[in-house]
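Single-structure report; data block below.
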Amino acid sequence: LFLPHITEHFPNHSSSMQQNSIGFVGDMEWLPNKRAMTQFIAKIWPVFHQEFPHVQLSIAGRGSEKYTNPSLGIQGFGFVGQLREFIQQQRFLINPILEGTGFNMKLLDALVYQIPLISYRSRLCGLTGIACFLPSMNDEEFLQNMKRMFANDTVIQEISATIHTDATKYFNLNDRVNELQNVLHGN
């Protein structure tokens, strides 16, 4: 996989304690997104929101408006024309999806916009070595990873600082071309 725009076009995301919003991006008409957010809002978000009532869950994507619940700190924005602006307002992204097929666009969003992403380990497609992905085995680990991201600025700054380096390491064009040539030439 080669993703040139990851290392060339976007500046490093700079999360700080001033960003009190957690983002999710997805078409809420797609059943896996709908199921994931319904489960997340029922199981994980209430526990997190009780400890961090000042934090907002921001959901972007078609049909997300129906998730708006001010008393729980949830805002659905619907389709967002400028995804970059939405993501820059988030402290980190979440991917509570447990099912689905194909390549996970939420991984690409995190890499392209260089922002930390909390996800279940099974959805990381072998990319658990990249620092911006915080893998979770279960709901409790997911919740703990979320809390960790609000513990202090140092944690998120350290993660954010390594994203560009990791993206360059794993998705560099020259490296991918060399690997392909080695495969084609039997080296």
Side-chain angles (χ1 to χ4, degrees), residues 12-99 104-107 109-111 113-124 131-163:
N12 289 349
H13 179 271
S14 57
S15 293
S16 71
M17 291 299 275
Q18 286 74 38
Q19 291 168 302
N20 288 325
S21 184
I22 297 169
F24 174 83
V25 178
D27 180 346
M28 300 312 292
E29 302 299 319
W30 192 55
L31 190 56
N33 283 341
K34 188 184 293 189
R35 283 185 184 157
M37 286 312 294
T38 300
Q39 290 296 321
F40 177 82
I41 290 169
K43 293 181 176 181
I44 298 173
W45 183 250
V47 178
F48 179 83
H49 190 253
Q50 185 174 8
E51 188 171 335
F52 298 92
H54 62 284
V55 176
Q56 176 176 291
L57 174 60
S58 299
I59 307 169
R62 185 173 61 143
S64 63
E65 305 91 335
K66 62 186 165 202
Y67 290 88
T68 298
N69 184 334
S71 66
L72 286 177
I74 302 171
Q75 178 66 48
F77 290 89
F79 176 80
V80 175
Q82 296 296 322
L83 187 57
R84 181 179 188 177
E85 290 175 16
F86 173 81
I87 289 178
Q88 287 178 332
Q89 295 171 4
Q90 310 310 313
R91 186 168 177 86
F92 58 89
L93 299 177
I94 60 167
N95 178 20
I97 295 176
L98 287 168
E99 61 183 289
N104 190 331
M105 291 304 296
K106 288 154 190 64
L107 300 177
D109 289 340
L111 288 170
Y113 296 104
Q114 299 185 25
I115 184 171
L117 172 79
I118 297 174
S119 181
Y120 291 103
R121 183 176 296 276
S122 62
R123 301 301 296 162
L124 291 176
C132 71
F133 300 139
L134 287 88
S136 305
M137 292 296 291
N138 53 44
D139 292 346
E140 182 59 32
E141 279 188 23
F142 204 103
L143 176 62
Q144 292 309 314
N145 278 329
M146 289 174 58
K147 289 179 179 182
R148 186 172 147 229
M149 296 300 277
F150 275 94
N152 62 54
D153 263 352
T154 306
V155 172
I156 200 157
Q157 288 170 350
E158 288 173 355
I159 291 169
S160 294
T162 64
I163 297 172

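The structure displayed is predicted, hence computed values, not measured ones.
- Using a 3.5 Å distance cut-off with no hydrogens or angles, the side chains of E140 and Q144 do pair a donor with an acceptor.
- By the 4.5 Å heavy-atom criterion applied to side chains, F24 and S64 are not counted as neighbours.
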After noting the C-alpha distance and the side-chain angles of E29 and K66, does the key distance pass the salt bridge (charged side-chain N to carboxylate O under 4.0 Å, His left out) rule? CA-CA 11 Å; E29 302 299 319; K66 62 186 165 202; 3.7 Å; yes
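- Note that CG of L93 is 6.0 Å distant from CG of L117, once rounded to the nearest 0.5 Å.
- To the nearest 0.5 Å, atoms CZ (R91) and CD (Q56) are separated by 14.5 Å.
- For the atom pair CD of E85 and CD of Q90, the computed distance is 12.0 Å after rounding to the nearest 0.5 Å.
- In terms of heavy-atom proximity, P96 sits nearest to M37 at CG-SD, 3.9 Å.
- Using bins of under 30°, 30° to 60° and over 60° for the plane-to-plane angle, the ring pair H54/F150 lands in the perpendicular bin.
- Interatomic distance, I59 CD1 to I41 CD1, rounded to the nearest 0.5 Å: 4.5 Å.
- With contacts defined as side-chain heavy-atom distances shorter than 4.5 Å, the pair F77/T68 does not qualify.
- Minimum heavy-atom separation, M149 to P116: CE-CB, 3.4 Å.
- Note that NZ of K43 and OG1 of T38 are 11.5 Å apart. Values are rounded to the nearest 0.5 Å.
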Set out, in order, the CA-CA distance, both residues' side-chain angles and the distance that settles side-chain contact (heavy atoms from CB on, under 4.5 Å) for M146 and F92, then state yes or no. CA-CA 9 Å; M146 289 174 58; F92 58 89; 4.1 Å; yes
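- N33 places a side-chain N or O within 3.5 Å of a backbone atom of D27 that can act as its donor or acceptor partner.
- Taking every heavy atom of both residues into account, I97 and P32 meet most closely at CG1-O, 4.1 Å.
- Contact check for W45 versus V55: side-chain heavy atoms found under the 4.5 Å cut-off.
- In terms of heavy-atom proximity, V80 sits nearest to A60 at CG2-CB, 3.4 Å.
- Residues F48 and I22 are in side-chain contact: their nearest non-hydrogen atoms beyond the backbone lie under 4.5 Å apart.
- The shortest distance between side-chain heavy atoms of F52 and N20 does not fall below 4.5 Å.
- Residues F40 and L57 share a closest heavy-atom pair of CE2-CD2, 3.8 Å.
- Judged by distance alone, the side chains of Q75 and S58 never bring a donor and an acceptor atom under 3.5 Å apart.
- A 6.0 Å sphere centred on NZ of K147 holds more than 12 heavy atoms belonging to other residues, nucleotides or ligands.
- In terms of heavy-atom proximity, Q89 sits nearest to S21 at O-CB, 3.8 Å.
- Within the model, atoms CG of L98 and CZ of R35 stand 11.0 Å from one another, a figure rounded to the nearest 0.5 Å.
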